[in-house]
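First up is the structure itself, then whatever we jot down about it.
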Amino acid sequence: MTSVPADAGQQGEEREVEPSVLRRAVAASAIGNATEWFDYGIYAYLTVELTQAFFPGELGYLGTLLGFAISFVLRPLGGFVWGPLGDRIGRQKVLSMTIILMGVATFLIGVIPSYETIGWAAPALLFLLRIVQGFSTGGEYGGAATFMAEYAPDKKRGFWGSFLEFGTLAGFTLAVLVVFGLETAIGEQAMLDYGWRIPFMIALPLAMIGLYIRTKLEDTPVFRDLEAAGESESAATGALRDLLARYWQPILALFGLVIALNVINYTLLTYMPTYLQTTLSMDSASADTVAVVGQVVMMLLIPFAGALSDRIGRKPCWWISLVGIFVLAIPMYMLMAVSLPLAILGFTVLGLIYLLQLGTISATFPAMFPTHVRFAGMAISYNVATAAFGGTAPLINESAIESTGNVLFPAYYMMGACVIGMIALYFVIETKGVSISGREVPGLAEHRAKQAAKAGA
């Protein structure tokens, strides 16, 4: 497997990286992402239980969804703190800090007394811990994607990077399996009384496993070479200034792509259990079945989506996904309202089309920035867009359905996000197979050469 040359200031030939090291790097990135999305998954699948425990009054489900959305308030601040720090002290150190902070905050949610015990202090503590989670994930995702991309060989960055999102789906799937298993084992009433706490507590040992793996790895070869050449940022504020002054165009392009990505992600994956139960009146077991079947199929196929991007390019994969979801969102949501088998089919079809975005994130997003500002560029762009349009998606969808009575609103919402994504994608440089080392924007030289060739022709 391959990495970058010792001359980190220029993009060039790759050097060998042990396959075992590459596999550990992939695991280190994926398990943190799985822990993050395990938390989001259990929160989504325990909406009924959390509502009874923390919001038994007038707010009800909207209070619980507000608790989900509020975790995104500090994600941008986390991006502004962790991102430049990762470009100064390294990716591995920051990722070790974020995963333990994330795991502890999730664990503590499981021990908060209920509203009946301590009144409004209960939802206040829930909101506080969700904010801590948001602050930590502000560095976790961008760092994990950067870590994965910088370890992966250029020609297979799509394939290896797809395992980060395998972690996303694994976290979601583990969440629903844990919740379903507990409900089956202890019963619905026990789940409402105390069982909902157990999944949150599981997040801590998951985080500790991830921390152990990460501390056993060196930083990425790309970052180590930049550091050895004396070209890494000497101060976190320097990385931030350089990023905002010189790389505002990829920041805006990434912002647009993340709007599309996360509106679809949080509407289709996170909000779906609530939608199926509260809007389509599906029972909990059926809603769990829809999610598990669809997500397992997505897990099995996501490496193929990443590998496809290594063959045909990142941008063609994104075009297929954005246009496909725009065309099929309404028909598939109408299908989901008919019966359980058709709900599984509709969810899975949209999920498979979405894979062409999801499976290429680690190959596409980090490659939009040069090494010395990559962590900051990823963390800031990704988290600001996610806070505004991702974490709010379940709340917006639920509020819109309640106020309008239109059960197809989630489909319309995803379609609008796809349009924004298409506009942003037009300005993205193709980076299939190019080196992401050095202080130059990856793929820019190749892009200019193609433009010049077209102009000459």
Side-chain angles (χ1 to χ4, degrees), residues 1-8 11-38 86 89-100 103 140-171 174 205-228 232 299-311 359-363 365-367 371 374-375 378 432-437 442:
M1 298 299 172
T2 51
S3 179
V4 298
D7 179 11
Q11 296 179 7
E13 297 299 321
E14 298 180 295
R15 66 158 190 246
E16 290 292 326
V17 170
E18 291 292 332
S20 60
V21 175
L22 177 58
R23 288 193 293 269
R24 289 201 303 273
V26 170
S29 300
I31 195 168
N33 212 37
T35 302
E36 175 186 349
W37 290 99
F38 176 76
I89 69 173
R91 289 72 160 111
Q92 187 262 1
K93 292 184 179 69
V94 168
L95 287 173
S96 296
M97 290 186 280
T98 57
I99 194 170
I100 192 63
E140 171 62 35
Y141 186 82
T146 297
F147 195 83
M148 183 91 77
E150 291 184 348
Y151 256 107
D154 295 334
K155 301 299 183 183
K156 294 185 177 180
R157 194 159 51 242
F159 171 74
W160 287 109
S162 69
F163 286 96
L164 180 65
E165 301 310 325
F166 181 92
T168 296
L169 296 170
L174 179 61
L206 286 177
M208 296 304 294
I209 294 170
L211 177 64
Y212 175 80
I213 297 174
R214 288 178 177 183
T215 54
K216 296 299 179 182
L217 280 168
E218 289 186 289
D219 217 316
T220 70
V222 172
F223 180 80
R224 281 186 280 126
D225 287 339
L226 190 76
E227 196 172 40
S232 60
M299 285 174 62
L300 293 174
L301 295 180
I302 196 167
F304 295 97
L308 181 64
S309 77
D310 288 327
R311 290 178 61 85
T360 63
I361 293 174
S362 294
F365 291 176
T371 306
R374 180 168 295 133
F375 198 146
M378 266 290 297
K432 180 193 76 168
V434 305
S435 171
I436 61 170
S437 64

With side chain to side chain contact (heavy atoms under 4.5 Å, CB included) as the criterion, how do Ile100 and Met208 come out once you've worked through the C-alpha distance, each side chain's angles and the decisive distance to 0.1 Å?
CA-CA 7 Å; Ile100 192 63; Met208 296 304 294; 3.2 Å; yes
Just wondering, do Val222 and Tyr151 contact through their side chains at under 4.5 Å, heavy atoms?
no
Between Ser96 and Gln92, is there a side-chain heavy-atom distance shorter than 4.5 Å?
yes
Should Leu217 and Phe147 count as side-chain neighbours, where that means a heavy-atom distance under 4.5 Å?
yes
Using side-chain heavy atoms (C-beta onward) and a distance below 4.5 Å, is Leu174 in contact with Leu206?
yes
Pairwise side-chain contact, Glu150 with Arg91, heavy-atom cut-off 4.5 Å (strictly under)
yes
Whether the side chain of Lys432 engages the backbone of Arg311 through a donor-acceptor N/O pair (distance < 3.5 Å, no angle test) should be reported.
yes
Under a 3.5 Å distance rule, please check whether Asp154 uses its side chain to pair with a backbone N or O of Gly433 as donor and acceptor.
no
Quick check against the 3.5 Å criterion: does Arg157 have a side-chain atom that pairs as donor or acceptor with the backbone of Ala152?
no
Side chains of Glu36 and Thr168: closer than 4.5 Å at any heavy-atom pair?
no
Val21 versus Glu218: any side-chain heavy-atom pair under 4.5 Å?
no
Ile209 and Ile31 have their tightest heavy-atom pair at CG2-CD1, 3.5 Å
Can you tell me how far CG of Leu211 sits from CD1 of Ile99, rounded to the nearest 0.5 angstrom?
6.5 Å
Does Ile361 form a side chain to side chain contact (heavy atoms under 4.5 Å, CB included) with Tyr141? I'd like the steps, not just the answer.
CA-CA 11 Å; Ile361 293 174; Tyr141 186 82; 2.9 Å; yes
Interatomic distance, CZ@Phe166 vs CG@Asn33, rounded to 0.5 Å, equals 12.0 Å
Close side-chain approach of Lys93 to Thr215, heavy-atom, < 4.5 Å
no
So that I can tick it off, tell me whether Arg214 and Glu140 are bridged by a salt bridge, with the cut-off set at under 4.0 angstrom between side-chain N and carboxylate O.
yes
Return the minimal non-hydrogen interatomic distance between Ser362 and Ala149, and the atom names on each side.
O-CB, 3.3 Å
Non-hydrogen atoms of Phe375 and Gly142 that approach each other most closely
CE2-C, 4.2 Å
Between Ile302 and Ser162, the two heavy atoms sitting closest are O-CB, 3.6 Å
In short, Pro442 meets Arg374 closest at the heavy-atom pair CG-NH2, 3.8 Å
Minimum heavy-atom separation for Ala363 to Gly158, with atom names?
CB-CA, 3.7 Å
In terms of relative ring orientation, are Phe163 and Phe159 parallel, tilted or perpendicular, with 30° and 60° separating the classes?
perpendicular
Using a 3.5 Å distance criterion without hydrogens, assess whether the side chain of Thr220 forms a donor-acceptor pair with backbone atoms of Met148.
no
Output for pair (Leu164 CG, Thr146 OG1), nearest 0.5 Å, gives 10.0 Å
